[in-house]
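Numbering of ligands and ligand atoms starts at 1, following listing order. If you read the sequence from its start, that first residue is 1, and numbering goes on from there.
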Amino acid sequence: MQQITEQSEINFQSEQYKDAYSRINGIVIEGEQEAYDNYIQLAQLLPDSKDELIRLSKMENRHKKGFEACGRNLQVEPDLEFAKDFFSELHGNFQTAAAAGNVVTCLLIQSLIIECFAIAAYNIYIPVADDFARKITEGVVKDEYSHLNFGEEWLKANFAESKAELEAANRQNLPIVWKMLNRVADDAEVLAMEKDALVEDFMIQYGEALSNIGFSTRDIMRLSAYGLKA
Ligand code: Y39
Ligand code: FE
Ligand code: FE
Ligand code: FE
């Protein structure tokens with residue numbers, strides 16, 4: 001496939017690659033750190049699932065260490081300041097929801113939106129990654145599917161009571177994902193990650209998740225359309 005050709009053309013040591021990598025690596029390190037924090041907060045909000053959520057938080061901490069090693073391997077300094085700003089809107093919405101006890105919104109933000117974003121990004125990255133980062137990312141993406149699955153199962157079990165809050169949280173947060181994707185598209189392209197492929201993979205994961213939770217095809221179309229207006 002085309003990716004094989006592209007991969008052989010990638011110079012992981014070029015200044016252009018390392019410059020773009022400093023921001024993308026910063027995003028994944030900060031993202032994993034925030035995911036760790038979010039699962040600890042979710043453990044407090046959902047005492048019945050506390051042990052499971054603490055287990056997920058520990059996986060996020062391992063992911064962070066793995067991606068820090070990827071940056072070191074390429075001699076790249078992650079741009080964590082950029083990354084904090086990159087996540088600030090979703091971060092703020094999660095904190096507001098957590099403070100209000102809106103656990104459904106917290107789950108939509110972390111376990112659906114952010115996990116689907118991670119799965120899409122890691123799936124698209126794996127074929128074009130350097131050998132070291134590919135091995136790390138292959139291990140990480142398997143875990144991310146299990147995190148998405150936690151959110152799906154909980155929301156499926158509580159679908160009727162969660163539906164209205166999910167709709168509102170989707171409307172509030174999905175447009176933010178498109179802004180984030182647009183913001184990172186040029187750097188992703190330098191890493192041979194195509195924006196169209198990221199969007200496609202995200203929409204497939206997110207649509208499947210909404211379907212597994214109990215939304216109809218018609219609902220999924222309507223919910224997905226909020227992103228497009230960003
Ligand atoms: O659950 C998780 O581990 C998610 C926090 C990690 C988010 C990773 C976000 C990846 C976006 C990278 C964008 C590259 C195009
Ligand atoms: Fe993770
Ligand atoms: Fe995760
Ligand atoms: Fe390309």
Exercise. Are Leu74 and Tyr17 close enough that some pair of their side-chain heavy atoms sits under 4.5 Å apart?
Worked result: yes
Exercise. Is the shortest distance from a heavy atom of Tyr125 to ligand 1 less than 4.0 Å?
Worked result: no
Problem set entry | Of the N, O or S atoms in Glu60, the one nearest the Fe ion (ligand 2) | OE1
Exercise. Got a sec: is Glu32 within less than 2.8 Å of the Fe ion (ligand 2) via an N/O/S atom?
Worked result: yes
Seminar exercise, completed: Residues Glu77 and Ser22: closest non-hydrogen pair is O-CB, 3.3 Å
Which side-chain N or O atoms in residues 98-110 pair as donor and acceptor under 3.5 Å with protein atoms at least two apart or in another chain?
unit_1 : atom_1 : unit_2 : atom_2 : d
Thr105 : OG1    : Glu165 : OE2    : 2.7
Gln110 : OE1    : Asn38  : ND2    : 2.9
Gln110 : NE2    : Glu115 : OE2    : 3.1

Exercise. With atoms numbered from 1 as shown, which atoms in ligand 1 lie under 4.0 angstrom from a non-hydrogen atom of Ala118?
Worked result: 4 (C), 6 (C), 7 (C), 8 (C)
For this session: Using a 4.0 Å heavy-atom threshold (strictly under), name the region of Gln110 that reaches ligand 1: side chain, backbone, both or neither.
Result: side chain
For this session: Assert yes or no for the condition that the ring centre distance of Trp154 to Phe159 is strictly below 6.0 Å.
Result: no
For this session: Tell me, please, if His63 has any N/O/S atom, main chain or side chain, under 2.8 Å from the Fe ion (ligand 2)?
Result: yes
Exercise. Going by the order shown, which atoms of ligand 1 are within less than 4.0 Å of some heavy atom of Glu60?
Worked result: 1 (O), 2 (C), 3 (O)
Exercise. Shortest non-hydrogen contact from Met193 to Leu198?
Worked result: CE-CD2, 4.1 Å
Exercise. Do you know which two heavy atoms are closest between Tyr21 and Gly71, and how far apart they sit?
Worked result: CE2-CA, 4.2 Å
Exercise. Taking the Fe ion (ligand 3) as the vertex, how big is the angle to OE1 in Glu115 and OE1 in Glu144, rounded to 10°?
Worked result: 80°
